[in-house]
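Below is one structure, written out as structure tokens; comments come after it.
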Amino acid sequence: PISLFAHRSNSSPIPSHEQGSQQQQPWQRQRQQLFQQEVENDKPAQALMVTIQDADYPAYNGQTVTIGSEHVKDGTEPANTWWAVSSSSSTSSHGMPPDDLIELTHLHEPAVVHCLRTRYAAGLVYTHTGAILLACNPFRTYDGLYSEATMKRYWEAGSGGGAGGGGDNLTDDGSRGSLSPHVYGVADGAFRAMMRAFEDGHAGNNNAVIASDTNAPFADQSILVSGESGAGKTVTTKIVMRYLATLSQRYASGACSRSSRHARYTPASTAAAYDREGGIEQQVLQSNPILESFGNARTVRNDNSSRFGKFIEMQFQRSGILTSSNIDTYLLEKVRLITQSRGERNFHIFYEILAAADGGGVAAAASQSDKVALGLRHATAEDFAMTSASGTYDRRDGVHDVDTYQDLKDAMLTVGFSEEEQMGILSVPAALLFCSNLTFVDRREHDGSSELDCNNPSLPNALDLLGVTGDALNDAICTSTIVVAGEKLRKVLSRDQATKALEAFMMATYGVLFRYIVDRVNGSITAGTLNGASSADDTAFISVLDIFGFESFETNSFEQLCINYCNEALQQQFNRFVFKLEQQEYEREGIEWSFIEFPDNQEVLDLIEKKHTGIICILDEQCRLTKCTDQTFVNKTYETCEDHPRFIGSDREKAHGCFSVHHYAGPVEYDSESFLAKNKDELPKETTDLLLSSSKPLLRELGEMLSTLSLMSSPSSADNGRIVKRST
């Protein structure tokens, strides 16, 4: 840890005292007496000098900074100065570092890092920086951190003091109380701000309010959860949703006053009784295990990484009761079905259905029955190409697939999936497991064309689960239909082409299944499911955005470009919001200040998205033209962007089809292989026709969804489902 030794500019270093001691130390009394003498003699307080001693930070080690005398009050150093006798000591004259970084006198890297590190070592994983809450993932469980008792403290503090948005435990005069920073405080602040807006006569649609009064409270609230991969975004999102759902349960139970300023805490027994009645809150919360099973996977850095983004809108009535929720998803990483890096896994669902019967008891017996029905009685992850390619089969976070499978089944039942629907959904990933093992042989004509290997042992199971015939699957995978001069021509594919067609079939099928699950979940938690439908004037949303973190791997492809582009847009929004908000606060308080030029990453966004010259626009244009390849895209990108200050490239990178972008978080090199195919994200007509011909009702419904999506797609690929909803 960084150790700060402080001393007056004209005296020797001041010794330290033991952390947590409540008694005033002799040296403190001496300093107090000295200060009193200075005041009596009309002498100004002297400045303090702080010497940084930390070998881990050579750039700062040994440097001395001065704390101005205007910050030295009552003969003591500012609250953000720590005294220590050695680098191993974390003691200070003020105990822990401040819980808000804006209280630091010198807001530089060593002070920030030391503050966060010291709090983290003491088990304090949350730290404020103004209206923002920073969380350092502890990668372990802290007893009581998210307990009901902890929730009660933030609930009572918020209801008693009217906590405002973005800050926990704020009293009526706006000052921060005794509670430590916590994600519960952020969630409670959003809820209280919404309720205050309701009480002041404002509803969720604030367009008229904005026009008439820019300072009017907003009923609709948003919480942005951002951070790098593995930072804990998904868990944080679930904690926020749980807290908001708990508030709703207590209001719905009748134990809370309809005034958020006078609400009372409700015992868990009351909330549990409401749960048993099938509250909408439980359905909303139980959507998480379902989406995690089908949309999360182990990556190099995170064992439960969300491989999609989600925007969750939780709708509340004026009474504070949660009435519905809606989930929008973005950028599902379908390519993970085909390839995973070493140390990574495919989506959790594949390992969960294979581990279904590994436990014991009644649940294990039921899971064994599921495995038999799916044709997976004795199968393991090592038996299938899509789950064994990376050589990684387990999770490092102590979570077992057999347990999450049972969580999935329980969640699907809570949300409203019947047993028949559940088995229909689970049969699709089971079918894809067998499809990943399919192989091809040369046709008898020896013309380079191919067909399915009828002797492959996985073929019968694949056909049974898909509900199609061998000829139908062979035609869909090994042939393609092209239209020339209005006439349809049937072309037989080579082995490599058939393999690509099989991969496209698997990705399209899984992608539309994920969309079906999200739609089905939304159908169970839509408005009007509790106490009747509400008008727009009587409702408001608290929205939570959980999006990918910035990514930079050994090999970065189209998916990483989309993810990092999204993070660039969020970073710009974050910068503008934070700095603009802070400077508006200065104006309201009448503080003299000069405008601060805050960091702007517009150059990066222009490089990626600018019309005609941006990387994405170049890619869209290449996709529309015939005979274009990934290499022609790279050549055009270098030709257009090589003089851009944020574009990095060399002849060697260009020859290998690579280029680099200097993002706000640092430079990232992208490999352009398959950029065009991934950007097109074409929905194969053969896949649609195959699913429509299935004897399985769910697969036919998926085929209808694919058909509709094909009709909705524009002739160009620009809006065909990759960055999807760029304005969102």
Can [X] and [Y] be counted as having a side-chain donor-acceptor contact under 3.5 angstrom?
X      : Y      : result
Thr555 : Asp671 : no
Tyr393 : Glu382 : no
Gln631 : Asn635 : yes
Asn304 : Glu292 : yes
Thr414 : Gln282 : no

- Task: Of all the heavy-atom pairs spanning Glu621 and Lys636, show the shortest one and how long it is.
- Result: OE1-CE, 4.5 Å
- Message: Which heavy atom of Ser449 sits nearest to which heavy atom of Val492, and what is that distance?
- Response: CB-CG1, 3.1 Å
- Using the side chain to side chain contact (heavy atoms under 4.5 Å, CB included) rule, pick out the option among Thr236, Leu285, Asp546 that qualifies with Met241. Leu285
- Is the shortest heavy-atom distance from the side chain of Gln560 to the side chain of Glu333 under 4.5 Å? yes
- Message: salt bridge (charged side-chain N to carboxylate O under 4.0 Å, His left out) for Glu344 and Arg336? Distances and angles first, verdict last.
- Response: CA-CA 10 Å; Glu344 298 191 344; Arg336 180 165 293 272; 3.2 Å; yes
- Please work out which of the three classes, parallel, tilted or perpendicular, describes the rings of Phe514 and Phe308, given edges at 30° and 60°. perpendicular
- Query: Would you say Asn346's side chain and Ala297's backbone share a donor-acceptor pair under 3.5 angstrom?
  - Reply: no
- Query: Do the two ring centres, one from Tyr510 and one from Phe347, sit under 6.0 Å apart?
  - Reply: yes
- Decide if atom NZ of Lys610 counts as having more than 12 heavy atoms of other residues, nucleotides or ligands within a radius under 6.0 Å. no
